[in-house]
Q: 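Quick one: the structure is below, and I'll ask about it shortly.
Every number for a ligand or one of its atoms is a count from 1 in the order of the listing.
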Amino acid sequence: QFLQNIIAHPVFMAGEANVDFIKDHQELFKFKTRQDRATKVLSFLGDVIVNGNPDVRGLVDPKRDLRKPRLPHYDPAAPLQPGTKDKLTELGPDEFAKWLRAERQIHYTDTTLRDAHQSLLATRMRTFDMLKVAERYARQHPQTFSLECWGGATFDVALRFLHEDPWERLAKLRAAVPNILLQMLIRGANGVGYKAYPDNLTERFVEQAAETGIDVFRIFDSLNWMKGMEACIGFVRNRTDRLAEACICYTGDILDPRRNQKYNLDYYLRLARQIEDAGAHILCIKDMAGLLKPYAATELITALRDTVSLPIHLHTHDTSSLQPATYLKAVEAGVDVIDVALGALSGLTSQPNFNAVVEMLRGQERHREFDQESLNEFSNYWETVREYYYPFESGLKAGTSEVFQHEIPGGQYSNLRPQAASLGLLDKFETVKTTFAEVNQLFGDIVKVTPSSKVVGDMALFLVSNNLTTRDVLEKGHTLNFPESVRDLFRGDIGQPEGGWPREVQQAILKDEQPFTDRPNEHLAPIDFGAEEARFAEKFGRRGKFTDVLSWLLYPKVFEQYWQHREEYGDVAVVPTRVFYYGLQPGEETIIDIARGKSIIVGLQSIGPVNEDGCRTIFFTLNGQTRNLEIRDTS
Ligand code: 3PY
Ligand code: ZN
């Protein structure tokens, strides 16, 4: 540790250490007493047992039947079949794109590990549950086009609520799935965040994501603004040998004269041409709210295939429950890849049901065969595991065609409800939804997807909670103090919408502040990575992995809290989910694989009363030996 202290010392890092360096810096001899991994994990368990996991506080139902899931069958001795990852390595991205476009059989992206749980379970799915089945999946279903498993909200949520390192998740999934493309969602200039980042930060992020395991970068801009996507497409194209998939975010309805003034077929075709010119390998139709109806899909996909030579990937959410029909029409019209989620994590605000869509296309000439029995085993696994996450269920019970009016994205719908509830607006949720649509019109009818959709949601909640209407914004906007996110949007912080911002609304919101129309990233100084790495070492007491530095630069506050948690409790991603959220009951035991090839058996014997220091003694067994821990009771 002495050496580590020297290497991490700011004077040494600045290259200013002289012969007296060690003599002058007695702090180099201060060694932190590091607790071993097992003790750290026990402290974490002790805290959950005594105080509960704060993420589920007030939501625990002790009567829930949380069973152990049955793992899908596989043959570990059978050779791993090559898949799309091998194809990409063999062909390189440009030839791969041509190969994909020429494929007859339909391809599937499985979103279970990203969008499905983001849209159904507030993004809470843990690495632990993914890794239990990842290798099995790679062996059983190597013909899958890609696994969407990273990006979007998962980066932030992993650090913030799960206390996990998202990069470690990706590296482990990559090791478990060497044969299928791994895919992420990146919000163009906003990276995996909610605001613009300096370009060179996004560039290094993309390089690192490729190195850690990402093959397909699905890039979008929340206002369909090409300038917000171009740089990111360039980073993937020029700095990696992976696939840049750029999106047209679908909004309105090209077949509805009331909704296609701005967002009509010509608009989407123009955008698709620009995406091709910007160097994307794949074109994605990102239907984030599930608005693309079956006959609109026929028209759009037929026209897109005539307009660009890129393969087309279709993403939708089944909020209305109509979207399998859209897939049928899209497949007939020549779409190349469709996004689906394994049965138990599909439907409603998530993607259409993988297992069922495969069957829907049986008999169609483009059908691709999957082992249905095995797909169902995977679905059954997730059905059991989903129960562990019951506090995060959105409560939506059936498909709703209301989505065609409010246009709330699937990933946001499940969040808006608890957001409304936290403001005491649950009985006004109907009004929140209609106000969302009205705010969209007030803003000039914009594309709504993270982060622009969040701003529309913030404004809708602001109006409803203050008993205001969109008309009030125009009539007395100059006297109102709007949410910060709304001011940022109208200032130009997340880009420019088609046709610009409505001038009157912009003035009411910004008052004297001046908006800008160039790229927000241009207002940000580039990151000096050397200096930031040194600042990291100074702040956290030692040099971080480069991935830690990136996480910290993207989410400084969230990362600090994650780091503290990790220092105190170690890597909690190894704790089984039921124990992570609900602790152990007296007499119960669990096995935890704390490191590769190293497992511990932890049992809870009993919980002592609160002593005068406000602590309880927890009587554990660790591999059969009694271990007592003092845990502060803050409950
Ligand atoms: C995200 O940006 O996280 C999304 O899922 C947008 O649809
Ligand atoms: Zn989505």
Q: With a cut-off of 6.0 Å (strictly less than), are more than 12 heavy atoms of other residues, nucleotides or ligands near NZ of K262?
A: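 Atom NZ in K262 is packed in, count exceeds 12.
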Q: Hey, which residues fall under 4.0 Å of ligand 1 on heavy atoms?
A: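 R114, Q118, G152, A153, L185, R187, F220, K286, M288, V449, T450.
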Q: What's the spacing between S346 OG and N355 CG if we round to 0.5 Å?
A: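 These two atoms lie 7.0 Å from each other.
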Q: Drop me the distance from T127's OG1 to L173's CG, to the nearest 0.5 angstrom.
A: 7.0 Å
Q: Report yes or no: is the cationic atom of R187 (NZ for Lys, CZ for Arg) closer than 6.0 Å to the six-membered ring centre of Y194, at no more than 45° off its axis?
A: yes
Q: Which pairs count as ring pair (Phe, Tyr, Trp, His ring centres under 6.0 Å) when at least one residue sits in residues 268-289, sequence neighbours excluded?
A: Y250-Y268
Q: The Zn ion (ligand 2): which protein N, O or S atoms are under 2.8 Å away?
A: D115 OD2, H315 NE2, H317 NE2
Q: So which heavy atom on R305 is nearest to which on D336, and how close?
A: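 The answer is NH1-OD2, 2.9 Å.
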Q: Can you give me every donor-acceptor pair (side chain of residues 288-299, partner residue at least two apart or in another chain, under 3.5 Å) with its distance?
A:
{"residue": "K293", "atom": "NZ", "partner": "D253", "partner atom": "OD2", "Å": "3.0"}
{"residue": "T298", "atom": "OG1", "partner": "P294", "partner atom": "O", "Å": "3.4"}

Q: Hey, does T251 have a side-chain heavy atom less than 4.5 Å from the side chain of K448?
A: yes
Q: Within 45 degrees of the ring normal and closer than 6.0 Å to the centroid, is that where the cationic atom of R160 sits relative to Y562?
A: no
